[in-house]
Number of protein chains: 2
Amino acid sequence: MEDFVVPVMQQNTLSSQVIRFLLGLISEKRLKVGDVVPSEVKVSEMLQVSRGIVRESYRALATVGVLSVQSGKRPRIREMDPTVLAQFFAYAAATSQINAQQIFELRRVIEMQAAVLATKNGTDEDLMRIREAGKRLHDYPISHPEWIACDYALHIAIADAVHNPLFQIIIRALRAPLEESMREGIESQVSIHTEIHIVALHDQIVEAICNRDAVAASKAIEEHFNAPVSALLKKGIININ
Amino acid sequence: MEDFVVPVMQQNTLSSQVIRFLLGLISEKRLKVGDVVPSEVKVSEMLQVSRGIVRESYRALATVGVLSVQSGKRPRIREMDPTVLAQFFAYAAATSQINAQQIFELRRVIEMQAAVLATKNGTDEDLMRIREAGKRLHDYPISHPEWIACDYALHIAIADAVHNPLFQIIIRALRAPLEESMREGIESQVSIHTEIHIVALHDQIVEAICNRDAVAASKAIEEHFNAPVSALLKKGIININ
DNA sequence: CCGATGAAACATGTTTGACAGGTGGCCATG
DNA sequence: CATGGCCACCTGTCAAACATGTTTCATCGG
């Protein structure tokens with residue numbers, strides 16, 4: 001009704017407007033990770049809204065991983081965090097909006113490309129880390145819980161070698177929601193033959209990347225996704241929804 | 001110092017615990033999109049915490065896109081929304097955690113795979129929509145603002161033909177943060193030669209997908225990303241950070 | 001002069017109570 | 001049976017207050 005006193009705040013809920021204000025502030029002032037943002041009361045006075053509303057906004061931004069708010073400390077800009085993306089996917093899966101196979105479909109192509117880019121962008125240290133992670137896979141049988149962790153470490157090492165934060169984030173995020181169902185599936189139903197195949201495939205992946213052979217790396221990762229994992233998928237062992 | 005009085009509520013903030021409670025509720029009760037969740041006061045009484053805390057949690061979940069809360073209405077489970085992902089990427093870009101080229105690197109591979117999967121999973125209607133979207137690209141010059149919209153529509157049509165919500169969501173989300181910088185870039189610096197090339201490439205994409213030729217589709221999309229766009233990228237015209 | 005100590009200032013965490021306004025269903029009246 | 005109004009319930013917002021954790025800085029003792 002009135003537009004003469006408060007010029008900015010009008011259409012949506014106050015919280016949403018405060019959130020937009022803060023995001024705008026971050027963009028405008030070119031704030032980086034670790035920088036502080038104004039305190040709740042400051043913003044509350046600045047925008048002439050109650051502290052409760054501002055609190056809601058801060059907590060919302062903290063939930064999406066933008067801000068880090070802790071008691072006593074000044075709120076700071078937080079680093080991009082794969083867990084919020086992972087929660088997003090996990091939630092989508094929990095509400096049956098996506099299923100495990102669809103996640104695999106996306107993961108396959110992203111990890112294939114990650115392997116390719118790792119052959120191009122990876123430093124020698126990156127490749128060494130990948131090789132070490134690959135070696136550690138021989139230390140445990142597939143049924144061992146530790147093996148899953150080593151497998152995870154290998155794929156993460158590949159993702160890091162890409163030197164593109166998006167790949168690191170998304171690969172971590174897409175892996176998390178499948179972790180437990182994978183553990184169960186692999187623990188229960190893997191035959192000796194499949195186990196040997198899986199280990200051999202991982203060796204191929206490591207070797208291809210370390211030789212900076214993009215084509216072979218891509219192919220190896222593709223097979224890694226196609227052969228054993230999708231077999232489990234089709235058996236219905238890996239099931240997330 | 002003391003650990004004898006409060007047994008349950010201790011480590012995290014109450015808000016976080018309420019959020020976890022709600023997410024757990026959604027998972028446990030197998031709630032789907034559109035279902036209602038308990039009201040703020042109900043949860044507040046249920047968990048014996050103040051309504052303000054519960055409100056913060058509800059708003060946080062609304063910001064993440066999980067819940068839809070409106071005055072008077074009961075809070076409901078919301079459909080997965082690409083805008084929250086887009087905001088995530090936009091925020092990462094705004095805080096210089098990622099740059100435009102890294103987004104393109106991810107987009108290229110995802111959209112390539114989308115084209116491949118579209119040839120496999122797309123229905124005849126899907127392909128018809130893709131063809132129509134492709135035709136409309138000839139109606140405007142590249143410099144026209146409407147052309148960008150048609151280009152967007154084409155890529156979205158391809159994403160939809162995959163029949164995997166993750167592809168729809170991520171392609172939409174990755175495109176949004178680049179939209180404006182692309183608009184400027186294309187408007188200002190595209191030569192006639194490049195323009196013809198771009199349009200021809202789009203025709204190739206449409207034709208390949210409609211012929212269900214996965215290899216050609218993938219190749220066409222790859223070139224679409226490699227040739228004109230990366231040229232703009234290298235010139236520094238498209239710049240997001 | 002320097003460093004440690006303590007308190008004040010400031011930050012978030014949480015509660016209570018209150019009121020306004022929107023939404024939807026129930027019920028009585030026509 | 002239809003329709004209006006009414007009421008119960010919901011979110012949106014504010015204000016004041018207290019608890020607790022962190023930072024800062026001045027003061028005091030060496």
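Numbers restart at 1 for each chain; the letters A, B, ... are given by sequence-line order, proteins then strands. We use all heavy atoms of the structure for the numbers below, so side chains are in, but hydrogens, waters and symmetry mates are not. Given the structure is predicted, the values throughout are model-derived calculations rather than measurements.
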* Which part of the nucleic acid does R59(A) contact within heavy-atom distance under 4.0 Å: base, sugar-phosphate only, or nothing? ->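 The answer is sugar-phosphate, as R59(A) gets under 4.0 Å only of primed atoms, P, OP1 or OP2.
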For [X], salt bridge (charged side-chain N to carboxylate O under 4.0 Å, His left out) partners two or more places apart:
X       : result
R59(A)  : E56(B)
R131(A) : none
D124(B) : R212(B)

* **Residues touching DNA chain C, which here means a heavy atom under 4.0 Å, drawn from residues 35-45 of chain B** =>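 Output list: empty, so none.
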Interface polar pairs with nucleotides 21-24 of chain C, N/O, under 3.5 angstrom:
none

* Is a side-chain N or O of Y91(A) found less than 3.5 angstrom from the main chain of V66(B), in a donor-acceptor match? -> yes
* By side chain to side chain contact (heavy atoms under 4.5 Å, CB included), which residues pair with E45(B), not counting sequence neighbours? -> none
* To do: Tell me, please, which residues at least two apart from A173(A) pass side chain to side chain contact (heavy atoms under 4.5 Å, CB included).
  =>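 Listed in chain order: L85(A), A86(A), F89(A).
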In whole angstroms, how far is the [atom2] atom of [N] from the [atom1] atom of [X]?
X      : N       : atom1 : atom2 : answer
R74(A) : dA9(C)  : CZ    : P     : 18 Å
Y58(B) : dC10(D) : OH    : P     : 10 Å
R76(B) : dC10(D) : CZ    : C1'   : 12 Å
Q17(A) : dC14(D) : CD    : C1'   : 16 Å

Extract all donor-acceptor atom pairs below 3.5 Å that involve side chains of residues 152-171 of chain A and protein atoms in other chains or at least two apart in sequence.
from: H155(A); atom 1: ND1; to: E111(A); atom 2: OE1; distance (Å): 2.6
from: H155(A); atom 1: NE2; to: D151(A); atom 2: OD1; distance (Å): 3.4
from: D160(A); atom 1: OD1; to: R172(A); atom 2: NH1; distance (Å): 3.4
from: H163(A); atom 1: NE2; to: D126(A); atom 2: OD2; distance (Å): 2.6
from: N164(A); atom 1: OD1; to: L166(A); atom 2: N; distance (Å): 2.9
from: N164(A); atom 1: ND2; to: Q102(B); atom 2: O; distance (Å): 3.1
from: N164(A); atom 1: ND2; to: E105(B); atom 2: OE1; distance (Å): 2.9

Determine all donor-acceptor pairs shorter than 3.5 Å in which one atom belongs to a side chain in residues 70-79 of chain B; sequence neighbours excluded.
from: R76(B); atom 1: NE; to: G34(B); atom 2: O; distance (Å): 3.0

* **side-chain hydrogen bond (donor to acceptor under 3.5 Å, both in side chains) involving S16(A) - partner list, sequence neighbours excluded** => T13(A)
* Structure fact -> Residues at least two apart in sequence or cross-chain that pass ring pair (Phe, Tyr, Trp, His ring centres under 6.0 Å) with F21(B), listed by chain then number, are none
* So, do T95(A) and D35(B) sit near enough that their side-chain heavy atoms are less than 4.5 Å apart? -> no
* To do: Please state whether the phosphate of dT12(C), meaning OP1 or OP2, lies under 4.0 angstrom from any side-chain nitrogen or oxygen of R55(A).
  => no
N/O-N/O pairs, protein side and nucleotides 15-19 of chain C side, under 3.5 Å:
from: dT15(C); atom 1: OP2; to: S50(B); atom 2: N; distance (Å): 3.1
from: dT15(C); atom 1: OP2; to: S50(B); atom 2: OG; distance (Å): 3.0

